[in-house]
Every structure is written in C-alpha cells, then in structure tokens.
Amino acid sequence: MASLPLPIPAITSPHASKPHDAPVPAPRPAASSVHAVLASLSQHAHAHDDALHDAFALVARAEGQPSPAAAVSVGPEVYASLLQCCVAAGSLRAGRQVHAALVKRGPYYSRNAYVGTKLAVFYARCGALADAERAFEALPERDRNAFAWAAVIGLWSRAGLHARALDGFAAMLGAGVPADNFVVPTVLKACAGLGLFRAGRAVHGYAWKAGIAECVYVMSSLVDFYGKCGQVEDARGVFDAMPERTVVSWNSMLMAYIHNSRIDEAVELFYEMRVEGVLPTRVSVVSLLSASAELEAVDEGRQGHAVAVSSGLEIDVILGSSMINFYCKVGLVEAAEAVFEQMEERDIVTWNLMIAGYFQDGQVDKAFDACRRMLETNLKFDCVTLASIIMACVKSCSMMVGTAAHGYAVRNDLDSDRAVACGLIDLYASTGRIEHARRVFNAMSQRDLVLWKVMISTYADRGMSSEALKLLDHMQLEGMSPTAACWDSVISAFLRNGQFEDALEVFKQMLLTRTRPNLRTWSLLISGLSKTGMHQEFTKVAC
DNA sequence: GTGCGAGTAC
C-alpha cells in the first residue's frame, strides 16, 4: 500500500503543515457528521486506499481544531469507525497508527469498551495474533461481548490453534456470554481440526437450542464439519435441510463427498449446482479438479478447466496448482506444463507438483531443469521436493544424486521428515546398503508406524528375517503396536527362508497382541505352510 | 462469520 499522509496522532493536518499548498482551507466538517461519513466510508472502503485516505483526512481536519469542544466532538466512536475503515482496507499499518493515536489521547479513548472491541477485531481480521490477544486481554471481562469473543476465537481457529479456540469458547460460555451464529462456525472448524466429532455434534445441539441452527453460515459450517469427520450422511442431511444455500454451502458439500472418497457423488453435485444456476467459484472448480484427479476422470477435469475459463475465474496459484495436479494425475503432462508456464505466481506446491509430474512421466531432464528454475526463483526445496527427487533416484538407481539429496536434507533439517526418511531408506536398501538405511532410521527421533513398517520390510524383503523380528520386538518395547502389515512382513520373510516354525511362532505372537490378521496374513500362511505338513499346528493356532 | 492445491505406505 502506498504511504498514507497520516496526520494521526499529530494535531495538525497535512494541509495545515503546508498552508501554501492549501490556499483555500478545507472547511471543518460538522462534528456530528464525521462519524456518519466514516461509517459510510468504511462500507465502501474495501481495500481502496483512497477511501482510507479520505477517512484519515476527515478526522485530521476535525481534530485539527484548537477548541476543546471540537476535540471532545471527535469521540472514541470516531476512532472506532476509523478502525473499521482500516479493516475494510486491510491496512494493518494504518490501524496501528489509529491505535497509537488512541493511546496518545488518553485512557478515556484507549480504555473505551467499544473502541477496545474494534481494536481486537481489527487486529484479528488483519491476522496479527499477538496484538489481537493483547487488545482482547486489555478489555475488562464485562466488556468482552460475543463480537469480541468471536473475533479472537476465530483468529485462533484460523491460525490452526484449535485447542486454544475451544478453550476460548468454553471461557466465553463460562463468562455467561451466549454463543451466536458468528462464533459457532469458527468453533466447528476447531472441532473438525481436532477430529472432535462429539464436541462438534454438541455444538450443533447448542445451535438448535440457541435458535441459530438455521443460519446459512452455521449450516454451511456444519456441512463442512460433518464432512471432515467422515459423516457424509449427516453433512447431506444438513445440506438438504438448508432453507437457503450459498455457493459456500455447495462447495462444502462437494468437499464432504471428496474427502470421503465419494467422488461420483461430488461430480454429480457439481452438475446439480450448475443446473440450479449457482455460479461456481474457484473453490468449486478446485474441488471438481481434485475429484477428477482422484477418479482419473479426464472429461470432468477438463470440463472443470473449461468452466474456470468460461466463468472468467482468475487462475491463481491454488486453482492453477489444482489443474497441474489433475493433468499430471491423468498423464497429460503437456497440458499441466501449459498451465504451469502461464501462471503468474507459483509457490512451492506448484513447483513440487510440476517436478513430481515430470518425474512420474519419466521426463527426468525436465524435472531437474524445473528444480534448477525453482532454486533460481529463490525458493528452496522442501521435504516434498526432496521426497520426489529421492523417489526418482530409487527408480533410476542414481546413487550420486540420491546422496546429494541426502546431504541437502541434512543441511536443511529436512531429514526428519517421514517421506524423506522412507525414501532414503529405500534408496540405500535398493543398492544393498542396509546399514546406511538403518542409520537413516536410527537418526529419526519421531518414528511412526509407517517408518517402522518400512524398516521392518526392508529387512524382511531381503530375507533378513531375524533382523526384521528383532525390530518388531524393539518396536513393541517402545510402546508401538505393530500393524498387521508389519507382522505380515516378518512372517513372509520366515516363510520364504523355509523357517516355518518361526513363522508360526510369530503368528502366535501376533494373535497374542490381539492384532487381527488380515486376508494377506491368512493367504501367506496357508500357501506357505500347505506343503510342510504343519496343517495341524497351524489349525490349532488359528482356531 | 462459513469453503480450496502437493508426497508410494498411516
């Protein structure tokens, strides 16, 4: 934003400081009209610097009067309106200056409840977490209304601080402030983020009792919440019951289907939406593209692209990336490339998608060329880039590049990422350097089930059955419960080595840990033991 | 005030 000639907290206006520039001084606005004009400006200020500029000038002129009466007439509510203008224009810098002016004017201004609320909301909307918290905490408890609570809880939930958002919600209710339709959507977002289905359902019940369950914002959030919790039918139930729908309601339902792998229904809903005359937004198209990518539905995805173009949607970094993802998934790498080259802005995700697309298509040179171009734009590789480079090295057995990637990972603290570590384990194991692979595994401070499984099957796949078993025991000593897939790996290693009794012994242990054998386990054992004359033992164990 | 894109394995 261009530098604003902000006169606040100065008492003089820019005109007053250079009187020769303003031969005809602007008349002082009638005190009563300042507030009304600001309110109207804030409505139209949407990111228009001009409106913000006018608002500041107006206050400056009103403030610039030497008479005490004029100063009093510029009351706290004027500053609140000014903050509203800053919110509308999205200017953190301008709002900070208003804050400074308030402090300078004294406690009558800075401790005003209305202004304090606006200040907290202003900082929250600008995403200034610490400032918003401070402004909120500065409000006396009795002045914290639903509006202020909603602003700060929403800020936490948007920042991904879900637990904090829920604590805030509990505190809000504890303080006797009833929840309204503004705070409920952000609380539902926090519940979905934490996977707290029961809590979210309780919020739904609360919304009913509070009479806000029919609000379109609340209902759209409920659709989203139920979808994220895997309750597609509940999501659809809310969606069908909506007295009115916005495009966000449709998009939430679309995503509910997609997140739950009900892609056909998502595609159908997209068409239904068009039939209803609802104009798709970027989010709708992104959803359709994501469904098409997963389904490898070439026609639908292409249509998504066409809809985006015909609707005049700006192909921003997210929409463009979704297109690249779709085209790469269906093997139309050239189409992905065309989108990629046309994009004005690309971020790390865009680059990673294009790089992975080239690698998967076997266009290794282009992939590395894209890596180089990416570094030239001052972006660094992240764990996704590296995982995809390492994967390509495993495929092509390029130990040299793989080792370089390992070095890059270590230097940039990316070697603790699971996908990178799994890739490296594979890389070293594929060239027989099992001890290198083990070193990568040992260096991981956080080992999840997948990592254990990878290391165990690395041993198992190479017939190192006792090493695999040792690791399986080790895993349990560390308090992890091996999945059926881990047990399968070890059992199959013993079977392949002809160590049938050991295989059966491992199977016994598996049953003791109450891990349910899956189809693979059974077929492994049945075909492995069928020729050994060990049916009886097997039957005894199995039954 | 509600909705969005990436990794072989979860």
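Below, chains carry the letters A, B, ... as their sequence lines are ordered, and counting in each starts from 1. The basis for the numbers below is simple: all heavy atoms, side chains too, and nothing from hydrogens, waters or symmetry mates.
- For A/Val450, the listed nucleotide lying nearest its side chain is B/dC10; candidates were B/dC10, B/dA6, B/dG5.
- Counting any heavy atom pair closer than 4.0 Å across all strands shown, A/Ser249 reaches no nucleic acid atom.
- With B/dA6, B/dA9, B/dC4 as the candidates, the nucleotide lying closest to the side chain of A/Val349 is B/dA6.
- The pair A/Glu337-A/Lys366 meets the salt-bridge criterion, with a side-chain N (NZ, NE, NH1 or NH2) lying under 4.0 Å from an Asp/Glu carboxylate O.
- Taking only side-chain atoms of A/Thr281, from C-beta outward, the nucleotide of B/dG3, B/dG7, B/dA6 with the closest atom is B/dG3.
- Across all strands, A/Thr350 comes closer than 4.0 Å to base atoms (heavy-atom distances).
- Nearest to the side chain of A/Cys215, among B/dG5, B/dG1, B/dG7, sits B/dG1.
- Within 4.0 Å of A/Leu449, counting heavy atoms only, lies no atom of the nucleic acid at all.
- What separates CZ of A/Phe225 from C1' of B/dT2 is a distance of 14 Å, to the nearest Å.
- Per the geometry, CG belonging to A/Asp448 stands 12 Å off P belonging to B/dA9, to the nearest Å.
- Listed nucleotides B/dG3, B/dT2, B/dG5 differ in distance to A/Val283; the shortest reach to its side chain belongs to B/dG3.
- Nucleic acid contact for A/Val218: none, since no nucleic acid atom lies under 4.0 Å from a heavy atom of the residue.
- Residue contacts for A/Asp180: at a heavy-atom cut-off of 4.0 Å it reaches no nucleic acid atom on any strand shown.
- For the pair A/Arg372 (side chain) and A/Phe368 (backbone), a donor-acceptor distance under 3.5 Å is absent.
- The nearest whole Å value for the distance from the NE2 atom in A/His259 to the P atom in B/dC4 is 7 Å.
- Looking at the side chain of A/Thr246, the nearest of the listed nucleotides B/dT2, B/dG5, B/dG3 is B/dT2.
- Using modelled atom types, one finds a donor on one side chain and an acceptor on the other under 3.5 Å when comparing A/Asn518 with A/Thr521.
- As judged by a 4.0 angstrom heavy-atom cut-off over every strand, A/Arg346 is placed among residues making no nucleic acid contact.
- Comparing B/dG5, B/dG3, B/dT2 by their nearest atom to the side chain of A/Asn251 picks out B/dG3.
- Distances shown here put a side-chain N or O of A/Lys329 below 4.0 Å from the OP1 or OP2 atom of B/dG7.
- A salt bridge (charged side-chain N to carboxylate O under 4.0 Å, His left out) with A/Arg262 holds for exactly one of A/Glu294, A/Glu233, A/Glu268; it is A/Glu233.
- Between A/Leu288 atom CG and B/dG3 atom P the separation is 20 Å, expressed in whole Å.
- For the 3.5 Å distance criterion, the side chains of A/Ser284 and A/Thr281 qualify, holding a donor opposite an acceptor.
- As a whole-Å value, the separation of A/Leu222 CG from B/dG3 C1' is 14 Å.
- At a threshold of 4.0 angstrom between heavy atoms, the contacts of A/Val454 include nucleobase atoms, whether or not backbone atoms are also involved.
- Residue-level contact check: A/Ser252 touches the backbone only, with heavy atoms under 4.0 Å from sugar-phosphate atoms and none from bases.
- The A/Ala419 side chain lies nearest to B/dG7 when the options are B/dT2, B/dA6, B/dG7.
- With B/dC4, B/dG7, B/dT2 as the candidates, the nucleotide lying closest to the side chain of A/Val248 is B/dT2.
- For B/dG1, the OP1/OP2 oxygens have no side-chain nitrogen or oxygen of A/Arg158 closer than 4.0 Å.
- Remark: C1' of B/dA9 and CG of A/Asp461 are 13 Å apart, rounded to the nearest angstrom.
- A/Ser322 comes within 4.0 angstrom of the backbone, heavy atoms only, and of no base.
- Regarding A/Lys228, its NZ atom lies at a distance of 7 Å from the C1' atom of B/dG3, rounded to whole Å.
- We find that CZ of A/Arg282 is positioned 16 Å from C1' of B/dT2, with the value rounded to whole Å.
- Looking at A/Arg462 and A/Glu467, no side-chain N of the basic residue comes within less than 4.0 Å of a carboxylate O on the acidic one, giving no salt bridge.
- The base of B/dG7 lies outside donor-acceptor range of the side chain of A/Asn352, with no N or O pair under 3.5 Å.
- Taking every side-chain heavy atom of A/Ser221 into account, B/dT2 is the closest of B/dG1, B/dA9, B/dT2.
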Derivation of the ring-ring contact (aromatic ring centres under 6.0 Å, His included) call for A/Phe326 and A/His305: CA-CA 10 Å; A/Phe326 160 72; A/His305 190 162; 8.7 Å; no

